[in-house]
Amino acid sequence: MVDWWEDVWTLGIEQGYKARVSVNGSNNWAESGEVYTWAEVPVGVNAQAAVGDPTGNVKFGWGHGTNGGEGTKYKVEITTQAGVWPLVGDANYMGVETDFGATSTGMVVSLANRQYFARVMALALDGDSTHDSGWTDGTTSTWTAVVGPQEVGVVESSSTLRVRWVGNVGSVSNEGTTRYELRWKEDGAEDWVTPFVWKDQPPYELTAEGLTADTTYVMRLTAKADVGVGGGGGRSGRR
Amino acid sequence: MTLATVPVVVDPFTVYTTSATVGWDGNGNPVDTEYVVRMSANSISRVRLPRWNTRRGFIRRRSRR
């Protein structure tokens, strides 16, 4: 049987420590190795890219909270479906883990006109995942901007103008239920013809019907943002 | 009077988010031996050498293992 003494110390979160023990009055110290206190949940997760940011990025930030400081690593997950982690359908950006000099990160995403949620955890300095902080609540979100109609083309006939387009720029596509609206009027007319036509599923094609032969029309095709400002696209056609 | 032996610190000691328990073996010293415990509060930087602070603690609990 071995005698064993203990002394409890109050310490800072996510910091490195060593202990020394000596018989009182002696200068012969026994020294421990360095250990690290565990991580606490970071605070203040916020969307740093505004709703409708046109760059194709979502950007989230957070605070160290009570964690030690610059050396703390954070793990970030982003999803398009609240409460479902990690990201479903776009594996390239899930489970990113970075040593952030600043407490924020940005990610390029592939779905335009879509809501993204983020959650963050602080990783324990000792590398033991059981000492990580746990996640923030994952309710912080932002929206990517809608992409305006691309590669717009018009097929003419004597009484119709059929408009075709695509809803992506490179690998960045509008979310699948993005609504597109097509309006038109005779060139020089003040008011748009009503009712207009719209579509929210591919293939992306809408037709202005009942037109007058040999007449110039102005057409406006718009992708509607679910939140924020819509992306426009205009086109003139001569029927 | 014989000299006290150097205690043996078990490495690593137990830590949580805001507290740590430092334990050591008396290494043959009498049970009433008084010890001094110091804790380093070094920077979070893993490359900076620890700087021992001036806090001292005395035995609060004794157990057998």
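Each chain gets a letter, A, B and so on, in the order the sequences are listed, and its residues count up from 1. Note: hydrogens, waters and symmetry copies are ignored here, and every other heavy atom, side chains too, is used.
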Student check: side-chain heavy atoms of Val15(B) and Trp38(A) closer than 4.5 Å: yes
Ala39(A) versus Thr17(B), closest heavy-atom pair with distance: O-CG2, 3.8 Å
Heavy atoms of other groups near Phe196(A) CZ, more than 12 under 6.0 Å: yes
Exercise: identify the closest heavy-atom pair between Trp29(A) and Val6(B): C-CG1, 4.3 Å
Closest contact, heavy atoms only, Thr37(A) versus Ser19(B): CG2-O, 4.5 Å
Within 6.0 Å of CD in Glu205(A), more than 12 heavy atoms from elsewhere: yes
Residues that Trp143(A) engages under ring-ring contact (aromatic ring centres under 6.0 Å, His included), provided they are two or more places apart: none
